[in-house]
Amino acid sequence: MAMPSLLKKVTTIAIGLLIFAGFIFLGNWQLERRAWKLDLIQRVDARAHASPESAPTAEYWQDISSESDEYRRVSVTGNFISDKDTLVVAATELGSGYWVITPFRRSDGSIVLINRGFINQGVQAKPPPTEQQDLIGLLRISEPKGSALRDNDSNANRWYSRDVAAIANMQNLYAAPYFIDAEKSHETSQAHQQGSQHPVGGLTVISFHNSHLVYAITWFSLALLIIVAAIIVVREERKAPSR
């Protein structure tokens, strides 16, 4: 009877050690993810407040990625393409309404979609200026397929996310795989306060979900519970009368 009992104890200890090691591994992994996320937040903040660089041209479009390019402060020179505004459902600090997305032809002939800014529901967006523009804004990665709750419907011209490829396709245009959130100017800010139809730019919200520390504490707490359970089991066995 001694051997089966010993085997049972060894098996129990081995399983406990594996579970304990697993919790420690997961806790350390979450700490590594937290360090990566904090570094990403720092890099993105630096990008968003840096001096503007020329937006990537066509030869670099295939290299655009969220990790290396999202929220870069960029500039473009060219002209808006009139009568091709697309309204995308939005909720901002100014209320519920729409982003006004307008194609922009750069000086080199390439096209990039510009989020000119926000307008409230029931407001007709003012047409873009016709003269050449020097725009500054934040590079944003396309938002394909729609929002978490609603799918884009290009046939009905209903948009719930800024899906660059789908919007450009609807407009029969070949555009960059990113869009640009135009910065807010003093004029547009004042115009909105006065009830103008001018879209308000500069409302980009830069935020990252970062709960890795909470997850790490959870995993380490579970590892600690394994130790506590092991101590209780050992104490109970010592109290039990020997047979």
List the residues meeting side chain to side chain contact (heavy atoms under 4.5 Å, CB included) with Ser221, not counting sequence neighbours, and say none if there are none.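 Testing Ser221 for side chain to side chain contact (heavy atoms under 4.5 Å, CB included), a comparison that skips the adjacent residues, returns Ile217.
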Taking the side chain as every heavy atom from C-beta outward, state whether Leu139 and Tyr71 have any atom pair closer than 4.5 Å.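 Not touching, per the 4.5 Å side-chain cut-off.
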A side-chain contact here means heavy atoms from C-beta on lying under 4.5 Å apart; do Thr102 and Leu113 qualify?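 Not touching, per the 4.5 Å side-chain cut-off.
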Around atom CG of Asp83, are there more than 12 heavy atoms of other residues, nucleotides or ligands at under 6.0 Å?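 Open.
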In plain terms, say whether Glu70 and Arg140 are close enough for a salt bridge, that is, a side-chain N and a carboxylate O under 4.0 Å apart.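 Salt bridge present between Glu70 and Arg140.
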Holding to ring-ring contact (aromatic ring centres under 6.0 Å, His included), I want the full list of residues that pass it with Tyr60, two or more places apart in sequence or in another chain.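 Not a single residue meets the ring-ring contact (aromatic ring centres under 6.0 Å, His included) criterion with Tyr60.
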ring-ring contact (aromatic ring centres under 6.0 Å, His included) partners for Phe80, two or more places apart: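 Per chain and number, Phe80 pairs via ring-ring contact (aromatic ring centres under 6.0 Å, His included) with Phe104.
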First locate atom CD of Gln133, then atom OG of Ser75, and finally report the distance between them rounded to the nearest 0.5 Å.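 One finds 13.5 Å between CD of Gln133 and OG of Ser75.
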Supply the atom-to-atom distance Ile167 CD1 to Thr86 OG1, rounded to the nearest 0.5 angstrom.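 Taking CD1 in Ile167 and OG1 in Thr86, the distance rounds to 5.0 Å.
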Could you tell me whether the side chains of [X] and [Y] share a donor-acceptor contact shorter than 3.5 Å?
| X | Y | answer |
| --- | --- | --- |
| Glu67 | Ser65 | no |
| Asp63 | Trp61 | no |
| Gln132 | Thr77 | no |
| Ser161 | Asn152 | yes |

Tell me who clusters with Leu18, hydrophobic residues only, linked when side chains sit under 4.5 Å apart either directly or through other members.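 For Leu18, no cluster forms, as it stays isolated from other hydrophobic side chains.
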Quick one: side chain to side chain donor-acceptor pair (under 3.5 Å) partners of Glu32, sequence neighbours excluded?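 Glu32: no side chain to side chain donor-acceptor pair (under 3.5 Å) contacts found.
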Using the test side chain to side chain donor-acceptor pair (under 3.5 Å), find all partners of Asp108 that sit at least two apart in sequence or belong to another chain.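 Ser110.
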Worked verdict on Arg162 versus Asp181 for salt bridge (Lys or Arg N to Asp or Glu O under 4.0 Å): CA-CA 11 Å; Arg162 292 161 290 190; Asp181 278 346; 3.5 Å; yes
How about Trp99 and Phe179: are their ring centres within less than 6.0 Å of each other?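 No, too far apart.
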